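Here's the structure, in structure tokens; my notes come after.
Just so it is clear: chains get the letters A, B, ... in the order the sequence lines come, proteins before strands, and each one is counted from 1. Because the structure is predicted, anything quoted here is derived from the model rather than measured. Because only heavy atoms are used, hydrogens play no part in the values below, and waters and symmetry mates are left out as well, while side chains stay in.
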Number of protein chains: 4
Amino acid sequence: MNPECESLCRKLIPASYVDQGRDSRRSRENKIRLLLEKRKLPEDGWDDADIEMLLSELSVMDSNNFPGNCGAGEREGRVVSGIVARRHFRLAHGIGRSGDITAIQPKAAGSSILSVMTNAMALDIIRLAGIKSTKSCFVVPMATGMSLVLCFLTLRQLRPDGKYIIWSRIDQKSCFKAILTAGFKPIVIENKLEGDELRTDVEAIKEKIAELGAGNILCLYTTTSCFAPRTPDRLDEVAKICKTEDIPHVVNNAYGLQMSKCCHLVQEAARVGRVDVFVQSTDKNFMVPVGGSIIAGFDEKLIEKISQTYPGRASASPSIDLFVTFLTLGAKGYKSLLQKRKDVFKHLKEKLSALAEKYDERLLETPHNPISMVMSLEKFDSEADSKLVTELGSMLFTRCVSGARVVPRGVTKEIGDHVFQGFQSHTNSYPCAYLTAAAAIGMTKDDVDLFIKRLDKVLAKVQKSKDGNGGNTQTVET
Amino acid sequence: MNPECESLCRKLIPASYVDQGRDSRRSRENKIRLLLEKRKLPEDGWDDADIEMLLSELSVMDSNNFPGNCGAGEREGRVVSGIVARRHFRLAHGIGRSGDITAIQPKAAGSSILSVMTNAMALDIIRLAGIKSTKSCFVVPMATGMSLVLCFLTLRQLRPDGKYIIWSRIDQKSCFKAILTAGFKPIVIENKLEGDELRTDVEAIKEKIAELGAGNILCLYTTTSCFAPRTPDRLDEVAKICKTEDIPHVVNNAYGLQMSKCCHLVQEAARVGRVDVFVQSTDKNFMVPVGGSIIAGFDEKLIEKISQTYPGRASASPSIDLFVTFLTLGAKGYKSLLQKRKDVFKHLKEKLSALAEKYDERLLETPHNPISMVMSLEKFDSEADSKLVTELGSMLFTRCVSGARVVPRGVTKEIGDHVFQGFQSHTNSYPCAYLTAAAAIGMTKDDVDLFIKRLDKVLAKVQKSKDGNGGNTQTVET
Amino acid sequence: MNPECESLCRKLIPASYVDQGRDSRRSRENKIRLLLEKRKLPEDGWDDADIEMLLSELSVMDSNNFPGNCGAGEREGRVVSGIVARRHFRLAHGIGRSGDITAIQPKAAGSSILSVMTNAMALDIIRLAGIKSTKSCFVVPMATGMSLVLCFLTLRQLRPDGKYIIWSRIDQKSCFKAILTAGFKPIVIENKLEGDELRTDVEAIKEKIAELGAGNILCLYTTTSCFAPRTPDRLDEVAKICKTEDIPHVVNNAYGLQMSKCCHLVQEAARVGRVDVFVQSTDKNFMVPVGGSIIAGFDEKLIEKISQTYPGRASASPSIDLFVTFLTLGAKGYKSLLQKRKDVFKHLKEKLSALAEKYDERLLETPHNPISMVMSLEKFDSEADSKLVTELGSMLFTRCVSGARVVPRGVTKEIGDHVFQGFQSHTNSYPCAYLTAAAAIGMTKDDVDLFIKRLDKVLAKVQKSKDGNGGNTQTVET
Amino acid sequence: MNPECESLCRKLIPASYVDQGRDSRRSRENKIRLLLEKRKLPEDGWDDADIEMLLSELSVMDSNNFPGNCGAGEREGRVVSGIVARRHFRLAHGIGRSGDITAIQPKAAGSSILSVMTNAMALDIIRLAGIKSTKSCFVVPMATGMSLVLCFLTLRQLRPDGKYIIWSRIDQKSCFKAILTAGFKPIVIENKLEGDELRTDVEAIKEKIAELGAGNILCLYTTTSCFAPRTPDRLDEVAKICKTEDIPHVVNNAYGLQMSKCCHLVQEAARVGRVDVFVQSTDKNFMVPVGGSIIAGFDEKLIEKISQTYPGRASASPSIDLFVTFLTLGAKGYKSLLQKRKDVFKHLKEKLSALAEKYDERLLETPHNPISMVMSLEKFDSEADSKLVTELGSMLFTRCVSGARVVPRGVTKEIGDHVFQGFQSHTNSYPCAYLTAAAAIGMTKDDVDLFIKRLDKVLAKVQKSKDGNGGNTQTVET
């Protein structure tokens, strides 16, 4: 309501009541003002009514919602289904323009503001998470894998001779496929077994660079967040090499934003060496539906170049989700989620360790992995037969335990032309079969307890059947 | 309600009333059954309640909505904001898997069914629109430009020596940028002026192939839907060349699905020659928010290969929008929209023609373009000064007329390393400045009348100021 | 967004785009301003986005939504379920106060404005419907029956000696029960058969008044809308008696607002005689869910007195529904609905008449009933056995035909101490069994055709079974 | 999805995923089954998805949502606005029938089930709250005041000679007005001052009965929940009198359900004497929007008689709100809310006591009132001038403190023909001015602390101005 409407309300009901209503309205408007002014996550989270009010304000600014709009083109933001219009808050024009995914759309001022503000809050939250010197970032409506493709394609324009991507092995399909999709030749660096952990083989990287020639290498490609017993890559050491050799450094920080350790690793790597771009998933770090990632870096120009490489407009949906989620959480809410995750991680470690002991197994020593942990399955495995181990996996699946992975030995997997031995274990031959579990953002202590309870039951059942015969053996890859 | 619940209801209220309710429920379930069975657009559109019921059914099948789910991984479909959860109907896992964007997700049976069914209905609607021999297609949560990049990247894997993409010029940034982003060298074929129309120079294409060598060419890249005076490319002739020369043929069918002419062009080209893949925008053809496209073709294997090239999961949002919209429209509804568009096109042609005459201009003869038309602006333009023409554009913008484009002569535009003369006009030097307007799906006769009325006012005003001085001259590119 | 926020937006995106957004916003605000200023139905209906924006504005003005509210009482508008909060747009305080259902609530400025405006628009629409001299009205969250009770209870306070309510018989339970519930003695005036029609027996009323003494009579109680062959009461003649005898006149105008004839009857009665209050249902006249009615009259004081008789606050839900519906329709939309109803009535008359002829029955002559009509069922009925007729009713029910009523002869019904002969037919003994159907607001010609088709089938089936034996005979009263 | 649809899904995606989805669905259906079977509050609350699924199931059972419905009547559940349809989950037929507000509607099986189940859960929660021998209850879409009117009107039918209602004074307008609205003569029994408390004068009641004659008394009318220093009435003693004298006993249990003390009082009164009916507000006890109440009692016949006295259908909205809220809370959730309220009450008592001390005032001794408490305002009041006290009230209002009431001495109020001295204080002349505050369900400790902080500031400010001049003095009655 504008002042004129307020005056009219004063003729309907006593002025003092209108004034209180106006104050309430102003206090909400003030939140919006502060947000636009500071371009940061608000300290305190907003309630749903605040957020819906802002979305409605933005929606009104898009041309498809102009009362007198008249479209004579082929893309006018028309939406035929009411269900669809409402779920997008009548924002129909997406984000970006033919020129650039971060460009402002003349037809969609509201969507543009939403996009700009989401990117601004994303930058704030990345810094807040620990990567303090991040200069620029943008949300892209593609998951991590395709976003990495976009980064590689941009680097090709800057480095036309780059043919190879040196990649410290991590057994996750989409991040490897990103290399192939972008049209490069992957050079796989096997991890080194150090104690129970699998760690980056920095020397092997150096050797490969010497062998291939720095100028032929598009980039070094490392990973932070991963399943134990693999650990986050030695980013700082790789970053130093990149600096010395003048090779770009792309970091897959998939779900690393939720861990201060990973964030500090990226931050430190950028300080002592070279990090060009790091990519993180929105669903895994911010509990929104799958579909977006944040591409970030320490050089505004490069990040802008990547955004310009994206040809055309794009879905606003992941930006809307993040926008709403950032405002819902506020800085306090996000910090509190991060703290809770740490507590849950500790809790999971204790419980899983105790369970391992019960079955004469052990929790592997993986101190460098801040999110995932590993329980050995040596007693359940045998050279001759890995049936029990795979059975265990499918039993967890049918008991609605998701995310915990049973990793048998000796799995071979072909991706493109490449054959991976010991797939899923990040190395050709890990000493034992095992089970991983992770304490990710949003998990609760109750989840942990339920998981341990079910795992206990399943282990007990499988142990029994070791002497008898097993159940079904269907393998499920999640 | 299952039969058990129905029995219990019979104890609460008279059985005959429960029976009627059950029949109503069954009749809705029957719609679902038919849909799953036929895997086609239903003949009649569904109402919102039907659709919401099905979405709720599907949602229940995703693991994040399992009552007893227990997640111990890093991506469990957790959603922190209620607003976000509701707008996605609690479908959080996206579509696809690390292997393939069309792969089934074990964690998300409901989302997977939605995705499979959306692709099935998309195939049905493409055939229904006129490209009858289409074999396979899938929805990808990226707009046309990035989807074309994905197609080019896939072709590289099949045709590693392909360096060039031969492209019949169309002045639309993102489709040209798609070539650069994918890392290929664009070979621009200028259009030929035939009467008022700009048409594909088939001979020039042949010459270029001979010059570069068929084996070095990744693909020929044509376009159907475009602004007049350019016309849809001579797809059939290009397709024949592709067949003869064994070169892939990629068609940008951006908003061509809504026009039977464009569809028949694609269909005919595939019949007489070679079309590998054609890509269409979801927002422009189906009135959903920006963000998705459909990649389709005549060879299941190739389409599958493209879907497998997409690394990792992806947003389900564009699929959800399409799913809802397809069910809302039904086959009848979509056909009726197509028919209405034809009628509106005719109406626009008559009105704009009359208006042109009024100002001593003319509607250009562009019989091959079934959606866009052109009114000359010769009287408003002068060799010396194109100010009036650009002013006209900005006046339309401030009057909330969107989509109609004023194209001055002599605009130069650099994209990547390429310099385009006469940009926006699809040719280096079109004989006159002009204005384009299009009759796209969803436009109404009222929209046309409003557009003509405003354009009339603006032309009158500009005509007046021709002798006096102009207003603001800000150029707005929409 | 206030001007300050707009300025900040200009730093995010180009000013001219912000300006267009602001203009769009203003244009919506302007609608709100006009509404508050004129306090009438807008001429053109609003779209959902307009309405939701206004509801959100009003919601912000209620104390339970104040960002800094602090409640230390027993009714603070707290809502525990998110589903419930959202469905009421976070308006939780209801309407009215302990003093008066139309009183302004200090805790709920927004709800109060909504209530005041709903009453204002209700007054406008009543006048627009034809009762032009209506002075005052208010929406009450009770259906017609209970609202009539409230009117009678108010009249008792003004007329403490009134013991009797003289009521022209209409066989609708709740309007008769309203007399009993309010604690009065009903004096039933039987209808006179004039041709096929049942009409008010004005002479009998006069006689009763003479017999009982005008001072002992609380009010005369008439009805407009009803099922044929009963017709709207002779309101004008009754009104004249009321004026002469100084007896209040209460009119049950249940669904009469949708018929110009009924409205003119009320208007004319007030002009030539006395009408104190007339009550109409919100669901039946405005297509909202059941639960509200509008109490209206020609004397502001009396209407105010009735509103003050309602003790305490009340549900805002029916007011919200009406508010939204009035804005959705606009004056044009409502008028168009009224016109469509007339057309459908004519269509139904033609179709039902033809059907009657087919079965050798006839459409009774009921020219005074503008909404309901009657088809005789003489051939299906027999002195000895009314089984076929009741069977016909239940067959329609199981075929999802609702609203059409089969009225057998000779039904006896006891309500309170009163025994009605020939119940449902508004008279002790109507000459024949029959079927009624009505053409109410919202009905379409397609509905009519479907109804006729099913009725035809049912009649055919029953006719067949006249010689054999019937199906089930369950009677269903709807 | 029925089994047939599940089979079809198995052709789309792997069977084991469909099975998990089906199990999830069954587990939700099982909740529904248990609910319908037990007709009690579920032990654990349901999540929103569960509830929405059930509402959608019920909605499908109403005739207005039948795919093939054909309405030929005047009330067919048509809803013109999409906003309105959605907010009611497409349930449009309300509850009840002309015969009875608890009657089953043939046109609306779903709404009927919802209504029956809401009443069943209401009965369960009343028992759970402590009134264990309650036999029957129903939800009525009217607030407490009008519901009491309905009770009185029903009693009139059973007790036609009853003219008087003996009422133990409580200064709350609507409950007094209920007597007048129903058409009875109120006999006001003044409270007795015992210590700081105002308590029921049982002797005075007995004297009045003797004076008026038991047969002329419609009922005794007592109250549980109230503002201190008044206390809940001596229900047990009054109930004994009712039993002895054979007079009905109506209890206004407005917000008493949230306090075990009040519930036990009703339960005990029914055990040792006579309680016919007790009425409670839905918004105050269950945190739903204003608009409903629950009428309950110990004799099924009487409660049925009251429900039958309600003439006609009624809004389902309050029942829907309760239905959703009951399922959201579950028994555990409600019990936990009750416990929290007790804790907050204690907290408020401590804080307010300390604050009183600070200002040389005191917390009055009102041990019999379990929800409300009183701080004296003797130092702020003077014989000559009560300006400061009223000012204090308006200062709290403008600071968004609602619910806390400042009660000056000497206010006179006329309701109907009755003049109340010392209005708001429940007695003609309470010894001092004071402020009341209540710890109601949903209040948090944070609310208490905020309230105390603001009250402290206001008191400090008023204290200062005692020597200087005051601010505005507008009185606000909330």
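- Salt bridge D:Arg341/C:Glu74: absent, no basic N to carboxylate O contact under 4.0 Å.
- At least one side-chain heavy atom of D:Val84 sits less than 4.5 Å from a side-chain heavy atom of C:Thr325.
- Looking at D:Ile51, only its side chain comes within 4.5 Å of chain C, counting heavy atoms on both sides.
- Under the 4.5 Å side-chain criterion, counting only non-hydrogen atoms from C-beta, C:Met142 is in contact with D:Met146.
- For a residue to count as touching a neighbouring chain, one of its non-hydrogen atoms must lie under 4.5 Å from one of that chain's; by this rule D:Phe176 does not touch chain C.
- In this structure, D:Arg86 and C:Asp48 have side chains that are in contact, with non-hydrogen atoms separated by less than 4.5 Å.
- Residues meeting the salt bridge (Lys or Arg N to Asp or Glu O under 4.0 Å) test with D:Asp171, sequence neighbours left out: D:Arg169.
- Here the side chain of D:Thr328 pairs no donor or acceptor atom with the backbone of C:Ser81 at under 3.5 angstrom.
- For a residue to count as touching a neighbouring chain, one of its non-hydrogen atoms must lie under 4.5 Å from one of that chain's; by this rule D:Leu348 does not touch chain C.
- At a 4.5 Å heavy-atom cutoff, the contact between D:Phe66 and chain C is made by side-chain atoms alone.
- Across every non-hydrogen atom of D:Ala178 and C:Pro311, the tightest pair is N-CB, 4.0 Å.
- Nearest heavy-atom pair, C:Ile83 versus D:Phe89, reported as atom, atom and distance to 0.1 Å: CG2-CZ, 3.7 Å.
- To the nearest 0.5 angstrom, D:Arg97 atom CZ is 11.5 Å from C:Ser174 atom OG.
- For the set D:Met287, D:Arg90, D:His93, the entry with the most heavy-atom pairs within less than 4.5 Å of chain C is D:Met287.
- Side-chain contact between D:Val290 and C:Ser315 is absent, with no heavy-atom pair separated by less than 4.5 Å.
- Ion pairing of C:Lys177 with D:Asp100 is absent here, as no side-chain N (NZ or NE/NH1/NH2) approaches a carboxylate O to less than 4.0 Å.
- Evaluation of the side-chain contact (heavy atoms from CB on, under 4.5 Å) rule for C:Ser225 yields C:Ala254, C:Tyr255, C:Met259 as partners, not counting sequence neighbours.
- Here D:Ile320 is the residue among D:Thr144, D:Asn64, D:Ile320 with the most heavy-atom pairs under 4.5 Å with chain C.
- Here the side chains of D:Cys70 and C:Arg454 are in contact, with some heavy-atom distance below 4.5 Å.
- Between C:Val149 and D:Leu153, the shortest heavy-atom distance links the atoms CG1-CD1, 3.9 Å.
- Heavy-atom distances place the side chain of C:Leu329, and not its backbone, under 4.5 Å from chain D.
- If you check the side chains of D:Arg87 and C:Ser317, you find a donor sitting under 3.5 Å from an acceptor.
- Contact count against chain C (heavy-atom pairs under 4.5 Å) is highest for D:Pro289 among D:Pro289, D:Cys175, D:Ser63.
- Inspection of the C:Asp321 and D:His88 side chains reveals an N or O donor paired with an N or O acceptor under 3.5 Å.
- Heavy atoms closer than 4.5 Å to chain C are found in the backbone of D:Ala314, but not in its side chain.
- Put simply, the side chain of D:Arg156 gets close to the backbone of C:Ala182: a donor and an acceptor are under 3.5 Å apart.
- The distance from the CG atom of C:Leu180 to the OG1 atom of D:Thr309 is 9.0 Å, given to the nearest 0.5 Å.
- Of all heavy-atom pairs between D:Ala143 and C:Tyr310, the closest is N-OH, 4.1 Å.
- For the pairing with D:Ser402, the side-chain hydrogen bond (donor to acceptor under 3.5 Å, both in side chains) check across C:Lys107, C:Glu76, C:Arg75 returns one residue only, C:Glu76.
- With chain C as the partner, the residue from D:Ala92, D:Ala85, D:Gly94 showing the most heavy-atom pairs under 4.5 Å is D:Ala92.
- Within the 4.5 angstrom heavy-atom criterion, atoms from both the backbone and the side chain of D:Asp447 approach chain C.
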